[in-house]
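Single-structure report; data block below.
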Amino acid sequence: FENHGAVEIQTPVFERRDALLNKYGEDEKLIYNLEDQGGEALSLRYDLTVPLARYLACNGIDRIKRFQIGRVYRRDSPTFAKGRFREFYQCDLDICGKGYARMSPDADVISAMTESLKKLGLSFTVKINHRGLLWSILELSGINKSQFAAVCTSIDKLDKMSVEDVKLEMIQKGVLVQVASRLLNVLQLTGPPEQLIEQLKESPELMGDERATQAFEDIRLLMTYLKSMGANSNIILDLSLARGLSYYTGIIFEATLNRDNITEVTDDVSSVASSILTNHQRKVSAQSLGSIAAGGRYDGLLGMFSGKDIPAVGCSIGVERIVAYLMSRDADKLKARSTVKVLVSGIGNVSLAHSMKLCAEFRESGLASEFLPFESIKPRKAMTYALKNNIPFVAFIGEEELRDKTVTWKNLAANAQVSVPRLVITKWAKKAIIDKNSLAKQQKNVPEPVIDVQMK
């Protein structure tokens with residue numbers, strides 16, 4: 001997101017309840033409501049978008065490209081297999097303000113989202129739609145305007161429920177049977193955006209509707225911009241995409257994992273995954289997760305708080321859903337990561353105070369380290385602990401080391417060790433960690449006199 005020129009902001013995890021009301025449609029029931037000691041009605045934030053709108057209004061900001069990574073809360077039924085949690089991280093990018101070329105912010109946001117997902121080693125498809133086109137189809141199908149929000153919520157469940165179940169839900173909301181059938185037949189159309197638009201243009205009713213024709217032009221322009229940025233290869237137009245949130249007004253989109261998700265997970269992703277979730281044995285399939293990222297244009301939301309007409313578009317990446325999938329798919333590759341670089345261990349009956357002193361010196365020099373808080377330690381026990389916790393180096397202090405004023409430095413990855421004078425161990429250790437796989441280089445950098453070098 002920073003590569004796209006965005007700045008970071010943070011907002012509180014709770015908001016005034018009235019700030020969150022009438023923004024999320026039927027999902028409003030998932031908001032966690034609180035009351036402080038004075039009786040003020042507060043709620044935990046449902047997403048990061050509405051708090052952004054409130055933040056901009058309170059600070060008099062009319063134009064910003066911002067990102068935010070933070071926890072959000074939903075009173076949902078947690079299901080690990082579907083990546084649904086009551087507390088989870090969202091990673092948002094939003095572009096707000098006037099003066100941008102039409103559809104350029106939308107293309108920029110989608111490009112940033114797809115770049116992020118590709119760097120995470122994921123194979124995915126981005127489904128797009130346009131609220132103007134969807135509203136036009138709803139109205140031409142015979143849906144009353146008063147039913148739009150409720151029907152959109154039902155349509156948004158087509159990726160989770162069968163067509164018949166969605167149809168039944170719509171009928172229960174007051175939609176006529178024939179109207180529901182006609183609408184669902186149209187909404188099942190999907191394909192490459194340019195081709196599907198040409199097919200839809202054959203409908204005189206749609207071409208006679210200003211909202212639909214404007215949507216066609218928006219999608220055409222969006223695809224032109226995405227193609228110029230090399231971000232159009234995995235995008236389809238899906239008329240069933242509705243996005244249940246009531247504040248969307250234009251382009252909407254969501255990314256879902258493909259069945260062929262077999263790309264390798266990177267070390268960086270492994271580290272992030274391990275820091276968020278433990279190594280679960282529960283299975284998560286690409287299909288069960290639903291969307292892993294989503295967003296759209298919401299031109300009317302900011303004005304609800306500021307009273308100004310401020311257009312905006314944004315996306316949100318579901319960190320936990322992606323991590324849950326990676327943890328399940330690559331459980332054998334994702335290992336617990338430790339920030340500790342050096343484990344300090346005494347050998348035999350050496351006083352624990354020597355390990356504490358050396359550990360303190362490492363920390364003072366900026367090296368994350370810990371000591372084993374045990375007496376009468378055997379080297380194997382220390383190495384087992386280090387390997388289990390992914391600590392790359394062990395510094396041993398035994399009676400011989402105390403006598404010779406040295407420290408035995410063990411490189412676990414190279415399965416080799418070297419003796420280093422005690423007086424220079426911290427300086428030498430920092431250099432050794434830079435190139436942890438080159439024992440030869442470490443040996444070369446050991447200052448004279450070298451007491452002992454052992455290879456195993």
Side-chain angles (χ1 to χ4, degrees), residues 265-275 278-279 330-456:
V265 62
T266 64
D267 286 342
D268 288 343
V269 177
S270 171
S271 179
V272 171
S274 300
S275 67
T278 57
N279 198 342
D330 301 301
D332 58 328
K333 303 172 189 174
L334 298 175
K335 298 180 180 179
R337 296 300 177 98
S338 173
T339 58
V340 175
K341 300 298 183 184
V342 185
L343 175 67
V344 181
S345 175
I347 301 176
N349 295 321
V350 170
S351 171
L352 191 57
H354 294 290
S355 295
M356 292 178 173
K357 187 175 187 298
L358 179 56
C359 191
E361 292 176 16
F362 280 141
R363 292 168 180 168
E364 181 71 21
S365 69
L367 292 178
S369 60
E370 72 174 291
F371 60 88
L372 283 183
F374 309 113
E375 301 285 357
S376 303
I377 303 172
K378 293 183 178 180
R380 182 175 295 278
K381 181 177 181 179
M383 289 188 289
T384 299
Y385 179 89
L387 288 169
K388 182 179 179 181
N389 292 278
N390 283 282
I391 301 174
F393 302 100
V394 182
F396 288 110
I397 304 175
E399 292 180 357
E400 291 185 12
E401 283 79 8
L402 290 176
R403 182 194 64 209
D404 299 331
K405 297 181 180 180
T406 63
V407 174
T408 297
W409 178 267
K410 180 77 175 183
N411 182 328
L412 296 177
N415 193 26
Q417 65 187 46
V418 61
S419 292
V420 182
R422 176 68 175 80
L423 290 176
V424 297
I425 182 61
T426 54
K427 182 178 180 180
W428 186 86
K430 294 180 75 171
K431 292 181 179 179
I433 289 172
I434 294 174
D435 191 5
K436 65 181 180 180
N437 294 320
S438 176
L439 181 70
K441 185 174 180 179
Q442 292 177 23
Q443 293 174 349
K444 182 179 179 180
N445 291 337
V446 175
E448 295 292 341
V450 177
I451 305 301
D452 182 37
V453 176
Q454 299 179 29
M455 299 286 290
K456 291 186 179 179

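No experiment lies behind these values; they were computed from the predicted model shown.
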Across all chains, not counting sequence neighbours, the side-chain contact (heavy atoms from CB on, under 4.5 Å) partners of L402 are V350, H354, I397
If the condition is side chain to side chain donor-acceptor pair (under 3.5 Å), which residues does E400 pass it with, not counting sequence neighbours? none
Between NZ on residue K341 and CG on residue N390, distance to nearest 0.5 Å: 10.5 Å
After noting the C-alpha distance and the side-chain angles of L423 and K405, does the key distance pass the side chain to side chain contact (heavy atoms under 4.5 Å, CB included) rule? CA-CA 8 Å; L423 290 176; K405 297 181 180 180; over 6 Å; no
Is the shortest heavy-atom distance from the side chain of L358 to the side chain of V407 under 4.5 Å? yes
T426: which residues meet the side chain to side chain donor-acceptor pair (under 3.5 Å) condition with it, sequence neighbours left out? none
Any Y385 side-chain heavy atom under 4.5 Å of I377 side chain: no
Any donor-acceptor N or O pair under 3.5 Å, side chains Q417, T408: no
Could you walk me through whether V342 and W409 satisfy the side chain to side chain contact (heavy atoms under 4.5 Å, CB included) test, starting with their C-alpha distance in whole Å, then the side-chain angles of each, then the deciding distance to 0.1 Å, before giving a yes or no? CA-CA 9 Å; V342 185; W409 178 267; 3.7 Å; yes
Where at least one partner belongs to residues 367-385, residue pairs that pass salt bridge (charged side-chain N to carboxylate O under 4.0 Å, His left out), sequence neighbours excluded: none
Pairs meeting criterion salt bridge (charged side-chain N to carboxylate O under 4.0 Å, His left out) with involvement of residues 349-369, two or more places apart: K357-E361, E361-R422
I'd like to check the side-chain contact (heavy atoms from CB on, under 4.5 Å) partners of L412; sequence neighbours left out, ordered by chain and number. M383, A386, L387, V394, K410
So CZ of F362 and CZ of F393: to nearest 0.5 Å the spacing works out to 10.5 Å
Nearest atoms (heavy-atom pairs only) where A382 meets F396: CB-CE2, 3.7 Å
Minimum heavy-atom distance between F374 and L352, given as atom pair plus value: O-CD1, 3.9 Å
